Protein chains: 2
Amino acid sequence: MIENEIFKALADPTRRAIFEKLAAGRMNASALRHGMAISQPAISQHLSVLRKARLVREERQGRVVNYEVDPEGLSLIAGWLERYRAYWPTRVAALSELLKDMEP
Amino acid sequence: MIENEIFKALADPTRRAIFEKLAAGRMNASALRHGMAISQPAISQHLSVLRKARLVREERQGRVVNYEVDPEGLSLIAGWLERYRAYWPTRVAALSELLKDMEP
DNA sequence: TCAAAACATAAGCACACACTTATGTGTTTG
DNA sequence: CAAACACATAAGTGTGTGCTTATGTTTTGA
């Protein structure tokens, strides 16, 4: 049940902050730490959680590990959200209708 | 920071199950409990969390309290998701572009 | 090859969280 | 009015979570 891991991962504000930083561009763990009053292991643990939730993916380059947003997790949330499109505000719901007519 | 409450609320599988039931139609707390191996106070507490997260709203009718999906919370998540539309898969991203041209 | 750099993992701790049982608060009905 | 209903709140408990410091692992560079 990956949904659970995604929502749990996003339920922590520090993790969302990390995710937002990565959304601005790929970055390594040390760079992510800049400006955050948190230890290096904490960042590493958060990244591990985000990675298991498919919200982030890593790419090792030498002794540096670069992280970037993984679209997989985001699209899984989008999929979950779409199950409740009947309750979305009209402007969002209208979009959802368009979606159904697009590429299968 | 309502975002935090929303994600925290959805991070629990029991709460998501309750939400899914409500998505099928408005219901009172007792009806929600049917088929769930959980105590009455637990349901009540979960509903409180969902309500504070704007995912659910209540309407008292006599001694019965009916619950239903509140679009507010869903649209807040949709808004959060949209911030990262650059990373969505193409078919979702295309939709997001359309959204921007619709009603302001 | 040896030290430093960049992370990951281990272990421990304080707090949050999801549950329980017990009790309280309104509301309806006989 | 009193008993029954429908639900909320209180209080307590085990488990999970986020953090820390300490230590491990791999890679680079002098």
Side-chain angles (χ1 to χ4, degrees), chain A residues 1-22 24-70 73, chain B residues 1-22 24-70 73:
Chain A
M1 227 215 224
I2 184 82
E3 267 171 17
N4 204 53
E5 290 180 316
I6 299 179
F7 283 122
K8 275 193 172 183
L10 291 173
D12 181 74
T14 305
R15 228 132 51 199
R16 285 201 306 281
I18 291 174
F19 183 79
E20 282 178 29
K21 275 199 171 189
L22 287 178
R26 81 195 266 119
M27 216 178 295
N28 60 48
S30 298
L32 274 170
R33 201 184 161 197
H34 291 323
M36 311 200 82
I38 203 176
S39 68
Q40 173 264 319
I43 293 273
S44 183
Q45 288 159 14
H46 281 310
L47 285 170
S48 173
V49 172
L50 287 169
R51 193 161 42 76
K52 284 169 186 162
R54 302 289 225 142
L55 284 164
V56 146
R57 60 189 172 199
E58 66 175 47
E59 189 182 353
R60 173 148 228 135
Q61 285 170 341
R63 65 179 164 186
V64 174
V65 178
N66 280 317
Y67 285 90
E68 64 183 359
V69 170
D70 185 348
Chain B
M1 223 213 227
I2 183 84
E3 267 170 16
N4 205 53
E5 290 181 316
I6 299 178
F7 283 122
K8 275 192 172 182
L10 292 173
D12 181 74
T14 304
R15 229 132 50 201
R16 285 202 307 280
I18 291 174
F19 182 80
E20 282 178 30
K21 274 199 173 189
L22 286 178
R26 84 194 265 118
M27 216 178 294
N28 60 49
S30 297
L32 274 170
R33 201 184 162 196
H34 291 323
M36 310 199 82
I38 201 174
S39 68
Q40 175 263 319
I43 293 273
S44 182
Q45 288 158 13
H46 282 310
L47 285 170
S48 173
V49 172
L50 287 168
R51 194 162 39 80
K52 284 169 186 161
R54 303 289 224 140
L55 284 163
V56 146
R57 62 188 172 199
E58 65 173 48
E59 190 182 354
R60 171 148 231 136
Q61 285 171 342
R63 65 182 166 187
V64 174
V65 179
N66 280 317
Y67 286 90
E68 65 184 357
V69 169
D70 185 348

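For clarity, every value in this text was computed on a predicted model and none was experimentally measured. Below, read A as the first sequence line, B as the second, and so on, with proteins coming before strands; counting in each chain starts at 1.
- Along DNA chain D, the nucleotide closest to A/Gln61 and the one closest to A/Ala37 are compared, and the more 5′ of them pairs with A/Ala37.
- A/Arg63 and A/Arg60 make their closest contact through O-NH2, 4.2 Å (heavy atoms, listed as atom of the first residue, atom of the second, distance).
- Here the shortest heavy-atom pairing between A/Asn66 and A/Gln61 reads ND2-OE1, 2.7 Å.
- Every side chain to side chain contact (heavy atoms under 4.5 Å, CB included) that B/Ala17 has, sequence neighbours left out, goes to B/Met36.
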Could you list the donor-acceptor pairs under 3.5 angstrom formed between side-chain atoms of residues 3-10 of chain A and any protein atom two or more places apart in sequence or on another chain?
| unit_1 | atom_1 | unit_2 | atom_2 | d |
| --- | --- | --- | --- | --- |
| A/Asn4 | OD1 | B/Arg16 | NH1 | 3.0 |
| A/Asn4 | OD1 | B/Arg16 | NH2 | 3.1 |

Under 3.5 Å, sequence neighbours excluded: what are the donor-acceptor pairs made by side chains of residues 43-56 of chain A?
| unit_1 | atom_1 | unit_2 | atom_2 | d |
| --- | --- | --- | --- | --- |
| A/His46 | ND1 | A/Arg15 | NH1 | 3.3 |
| A/Arg51 | NE | A/Glu58 | OE1 | 3.2 |

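- Listed by residue number, there are no residues of residues 2-21 of chain B with a heavy-atom contact under 4.0 Å to DNA chain D.
- A distance of 5.0 Å separates CE in A/Met27 from CG in A/Leu32, rounded to the nearest 0.5 Å.
- Listed by first then second residue, pairs satisfying side-chain hydrogen bond (donor to acceptor under 3.5 Å, both in side chains) with a partner in residues 26-37 of chain B read B/Arg26-B/Glu59, B/Arg26-B/Glu68, not counting sequence neighbours.
- Taking atom CZ of residue B/Arg33 and atom C1' of nucleotide D/dA6, one finds them 11 Å apart after rounding to whole Å.
- Between A/Ser39 and D/dT20 there is a side-chain polar atom (N or O) within less than 4.0 angstrom of OP1 or OP2.
- Computed from coordinates, the B/His46 NE2 to D/dC7 P distance equals 16 Å when rounded to whole Å.
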Sequence-aligned protein contact record of nucleotides 4-12 of chain C, with B where the base is within under 4.0 Å of a protein heavy atom and S where only the sugar-phosphate is: BBSBBBB--
